[in-house]
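Input: a single structure, listed below in structure tokens.
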Amino acid sequence: MSTIEKAEVLVTSPGRNYVTLRITTSDGVTGLGDATLNGRELSVASYLRDHLVPLLIGRDPARIEDTWQYLYKGAYWRRGPVTMTAIAAVDTALWDIKGKVAGLPVYELLGGRSRDGVLVYAHASGGDVPALLDDVARLREEGYEAIRAQTAVPGVPGTYGVHSGAGIYEPARTSLPEEQAWSTEAYLDHAPTYLEAVREKFGFGFHLLHDVHHRLTPIEAARFGRAVEPLRLFWMEDPTPAEDQEAFRLIRQHTTTPIAVGENLTSIWDVQHLITERLIDYVRTTVVHAGGITHLRRIFDLAHLYGVRTGSHGAGDLSPVTQAAAVHVDLAVPNFGIQEHMGHTPHTADVFRSDVSYADGMLHPSDAPGLGVEYDDEAAARFPYEPRYLPVARRLDGSVHDW
Ligand code: EZ4
Ligand code: CO
């Protein structure tokens with residue numbers, strides 16, 4: 001029997017921090033799992049190094065489900081982002097190994113392709129409406145069929161989701177949390193107008209998305225959803241803080257704008273009522289933060305039963321290992337909806353050599369065995385860890401708001 005011989009926790013910062021678990025078997029097969037938890041990276045590194053790696057050595061790498069149950073039930077302390085990200089890293093690495101041992105890409109192990117490619121949405125943003133419209137035009141030219149639109153809110157410096165200069169949007173920029181301002185009133189006045197400007201200029205022949213990023217109360221979210229109904233959004237994302245599942249009942253009673261939630265939810269229990277009461281349309285849980293491929297598949301199967309489709313988180317803080325794993329899952333599940341695609345910096349691509357490819361608005365996985373991602377240790381060593389935090393939001397009166 002092959003056994004797990006080594007499990008290394010690799011930390012690198014090629015533009016932002018990533019934590020990766022690399023498992024090596026006694027047969028010399030390696031598997032990768034993403035373990036990145038934005039702004040809390042070293043907690044997961046410690047959870048793995050100090051608590052999980054000693055349990056992995058000598059185990060049978062083929063027993064993915066048993067290892068998952070052992071790490072989840074065997075900890076007594078369940079759920080939560082640190083635990084679920086650490087378990088996800090182990091789980092993803094074991095799927096990568098299983099694929100390599102079988103000589104098959106992971107999507108084949110999950111039942112094979114359900115579709116030709118994975119529809120993705122890209123991010124358009126701007127400091128003002130003309131800049132946003134230019135960004136949408138650029139993405140339409142690149143072939144994207146689905147675009148998320150955000151702009152700065154006038155009078156409210158540092159609005160979420162807007163590029164600063166060229167390159168990929170990256171909110172975790174500073175060694176202590178940056179403080180940003182928030183005004184719900186200004187946002188509610190402004191956001192519908194720029195979404196309307198996008199539809200006016202580019203029409204209805206593509207999917208338009210918007211991320212509210214947990215900033216509203218249920219009744220405010222209901223008002224927003226109703227205001228944008230004529231714009232036929234693909235979804236409004238995270239209208240209210242996601243941990244309050246009941247809040248969505250109120251939103252649902254007032255608007256037909258589809259709702260997507262789940263990028264910061266970590267288990268099937270956190271989305272249970274959202275799904276079974278049909279309070280959402282898309283579940284955004286991901287491989288890395290929701291317990292790996294094994295547990296994500298369980299969430300997506302529950303969602304399938306209730307007509308809820310998938311819409312996995314795919315921001316830049318999810319490494320190319322997660323991106324590849326997500327594309328394998330997306331290709332296989334019957335109830336796939338859409339996949340977020342922000343891309344990564346060129347330095348990140350030097351460290352994580354991934355065969356995932358983009359064409360005509362879709363991502364395609366590699367047909368290499370496993371996930372199709374290799375980790376370059378030499379490149380990684382050039383980018384040591386740097387402490388970085390996500391921002392904190394304050395209302396105009398100085399009180400802390402949800403970021
Ligand atoms: O703020 O990934 O839809 N994408 C997002 C992201 C999140 C970050 C948090 O780590 O909301 O940009
Ligand atoms: Co989001």
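Whatever order the structure lists ligands and atoms in, that order sets their numbers, starting from 1.
- Around CZ of R297, the count of heavy atoms belonging to other residues, nucleotides or ligands within 6.0 Å exceeds 12.
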Which atom pairs, nitrogen or oxygen on both sides, join ligand 1 and the protein at under 3.5 angstrom?
unit_1, atom_1, unit_2, atom_2, d
ligand 1, 1 (O), H213, NE2, 2.8
ligand 1, 2 (O), H313, NE2, 3.0
ligand 1, 2 (O), D317, OD1, 2.6
ligand 1, 2 (O), D317, OD2, 3.2
ligand 1, 3 (O), R148, NH1, 3.3
ligand 1, 3 (O), D211, OD2, 3.2
ligand 1, 3 (O), E237, OE2, 2.9
ligand 1, 3 (O), E263, OE1, 3.0
ligand 1, 3 (O), R284, NH2, 3.1
ligand 1, 3 (O), E340, OE2, 3.2
ligand 1, 4 (N), E263, OE1, 3.3
ligand 1, 4 (N), E340, OE2, 3.3
ligand 1, 10 (O), N38, ND2, 2.9
ligand 1, 10 (O), D317, OD2, 2.9
ligand 1, 11 (O), Y160, OH, 2.8
ligand 1, 11 (O), D211, OD2, 3.1
ligand 1, 11 (O), H213, NE2, 3.1
ligand 1, 11 (O), E263, OE1, 3.1
ligand 1, 11 (O), E263, OE2, 2.8
ligand 1, 12 (O), Y160, OH, 3.4

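- The pair D60-R63 fails the salt-bridge criterion, with no side-chain N (NZ, NE, NH1 or NH2) lying under 4.0 Å from an Asp/Glu carboxylate O.
- Considering H213, H214, Q180 as possible partners of W403, the one that fulfils the side-chain hydrogen bond (donor to acceptor under 3.5 Å, both in side chains) test is Q180.
- Within the structure, ring-ring contact (aromatic ring centres under 6.0 Å, His included) contacts touching residues 290-324 (residues at least two apart or in different chains) are W68-H295.
- Within the protein, the N, O or S atoms sitting under 2.8 Å from the Co ion (ligand 2) are D211 OD2, E237 OE2, E263 OE1.
- Counting non-hydrogen atoms of other residues, nucleotides and ligands closer than 6.0 Å to OH of Y70 gives a total of 12 or fewer.
- Contact check on D281 versus R309 returns no salt bridge, with no Lys/Arg side-chain nitrogen under 4.0 Å from an Asp/Glu carboxylate oxygen.
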If you look only at distance, which donor and acceptor atoms sit under 3.5 Å apart when one is on a side chain in residues 380-387 and the other is two or more places apart or in another chain?
none

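- A side-chain contact (heavy atoms from CB on, under 4.5 Å) with H190 is found for one member of L195, V129, T159 and no other, namely V129.
- For CD of E277, the number of neighbouring non-hydrogen atoms (other residues, nucleotides, ligands) closer than 6.0 Å is greater than 12.
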